[in-house]
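For clarity, every value in this text was computed on a predicted model and none was experimentally measured. Start at 1 and go down the list; that is how both ligands and their atoms are numbered.
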Amino acid sequence: MTVADSLDPLSALRWLRDVGADDIVLEAPIDRYQAAPPQAPAAPRPIASESPRVRRSEPAPERPAYEQGTARQIEAGLRPAGGLDRSADLQSAKALAGRANTLPELRAALERFEGCPLKHSAKNLVFADGNPEADLMFVGEAPGRDEDEQGLPFVGVSGQLLDRIAAAIGRDRRSFYIVNVLPWRPPDNREPALAEATVCLPFLMRHIAIVKPKVVMALGATAAKNLFDTTEGITRLRGRWLELNADGHVCPAMATFHPAALLRMPLNKRYVWRDMLSVQAKLEALR
Ligand code: URA
């Protein structure tokens, strides 16, 4: 019996995702029932060359991925047609976010935005918490029930664990800032849909560009996939320094496991501990 067998189906799926079962290992599937000679492993695709939001060796396109017809927009049903983006919601998100130059303006822009249906099922907009002057910014996934009630990110059990993790490097909410990929709670705490995350991404990128943190830490697979525009699983992605370009603000960024995933798999705390030490060292080096 495996760990996955002992969990309910949703937890089993989450566990499989957390351990990287959806990671692409080779370019093509191998039929292991066929007696075929062993195949050479595909050359690892460095994350840095996958996404326009992380450093690449060839010149990056001028506009970030979410402003173009990327695979994720096509998959999310936001496909541009003939050079025009068919998604009025995405256009509206980009226009509203792009005009915001301060946090109050960005908050007002989100309050005006009608392109994400979650706004209507959520009780509150969950904008951010912590100190916007801090050099460290965490990006989580989406508000849960407690966050939705209070209008603040990471105030439930995951938030309590996050506070303990941050305390391990001497930080609290006066010395870090925190936002989510989604500012509204998905019903029943389900995972954000690709279209929801895509349409809210211009606000997240603008948020980072306004706050200008020295270091960004993505908490969990959803934050990492959206920030770095990658399909790579969190198990492989975590612990690596990447260069994030959020609406022109360029800074080092790292992904680590989400606190909620640590509640399910406490053994992974050792990796998060390692990642936090790396963040602390990076921030010291940048001082
Ligand atoms: N998990 C998140 O990703 N964000 C929150 O605000 C709370 C739990």
Side-chain angles (χ1 to χ4, degrees), residues 10-11 13-15 17-18 103 106-107 110-111 116 118-119 121-132 134 136-167 171-174 176-201 203-205 207-208 211 213 215-228 230 233-235 237-238 244 246 253-266 268-269 271-272 275-276 279:
L10 193 56
S11 307
L13 272 176
R14 287 209 177 103
W15 179 81
R17 181 195 66 184
D18 292 342
L103 292 179
L106 188 69
R107 188 184 185 111
L110 269 167
E111 278 161 357
C116 181
L118 295 177
K119 178 179 190 174
S121 53
K123 286 193 181 144
N124 281 302
L125 168 74
V126 177
F127 185 67
D129 195 22
N131 182 357
L136 172 61
M137 182 167 180
F138 289 110
V139 178
E141 181 177 303
R145 196 188 49 198
D146 297 321
E147 290 76 19
D148 186 37
E149 292 283 343
Q150 297 185 39
L152 287 172
F154 283 93
V155 290
V157 275
S158 298
Q160 288 157 21
L161 180 53
L162 177 66
D163 287 342
R164 288 207 299 279
I165 291 168
R171 300 266 172 167
D172 61 21
R173 292 193 188 212
R174 290 165 301 185
F176 68 77
Y177 190 67
I178 184 147
V179 298
N180 281 312
V181 171
L182 292 187
W184 295 287
R185 180 194 184 197
D188 303 321
N189 295 349
R190 66 161 166 73
E191 214 177 289
L194 184 59
E196 291 158 356
T198 300
V199 92
C200 291
L201 202 53
F203 293 100
L204 173 63
M205 290 304 185
H207 209 145
I208 298 172
V211 171
V215 166
V216 169
M217 187 163 222
L219 299 172
T222 298
K225 284 178 182 177
N226 284 287
L227 278 179
F228 305 128
T230 179
I234 187 68
T235 307
L237 201 53
R238 63 140 285 278
L244 175 69
M254 179 184 280
T256 196
F257 292 116
H258 192 285
L262 295 184
L263 292 170
R264 294 189 296 274
M265 295 191 72
N268 281 343
K269 283 183 185 169
Y271 298 115
V272 175
D275 298 343
M276 292 307 293
V279 162

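Geometrically, ligand 1 and Ala142 share a nitrogen or oxygen pair separated by less than 3.5 Å. Looking at Pro143 next to ligand 1, no N or O pair under 3.5 Å apart turns up.
In this view, His207 and Tyr177 satisfy the side chain to side chain donor-acceptor pair (under 3.5 Å) rule, not counting sequence neighbours. For Leu152, the side chain to side chain contact (heavy atoms under 4.5 Å, CB included) partners at least two apart in sequence or on another chain are Asp129, Val155.
Near Gly140, the atoms of ligand 1 lying under 4.0 angstrom from a non-hydrogen atom of the residue are 3 (O). Near Glu141, meaning under 4.0 Å from any of its heavy atoms, are these atoms of ligand 1: 2 (C), 3 (O). Less than 4.0 angstrom separates some heavy atom of Pro153 from each of these atoms of ligand 1: 6 (O). Taking every non-hydrogen atom of His258 and a distance limit under 4.0 Å, the qualifying atoms of ligand 1 come out as 1 (N), 2 (C), 3 (O).
The backbone N or O of Gly156 lies less than 3.5 Å from a partner atom in the side chain of Glu147, making a donor-acceptor pair. A donor-acceptor pair is defined here as one N or O able to donate and one able to accept, closer than 3.5 Å; such a pair exists between the side chain of Asn124 and the backbone of Glu149.
Taking the six-membered ring for Trp and the full ring otherwise, Phe154 and His258 have centroids separated by under 6.0 Å.
Protein heavy atom at the shortest distance from atom 4 (N) of ligand 1 is Asn180 OD1, 2.8 Å.
With respect to Arg238, the side-chain hydrogen bond (donor to acceptor under 3.5 Å, both in side chains) criterion is satisfied by exactly one of Thr256, Asn268, Asp275: Asp275.
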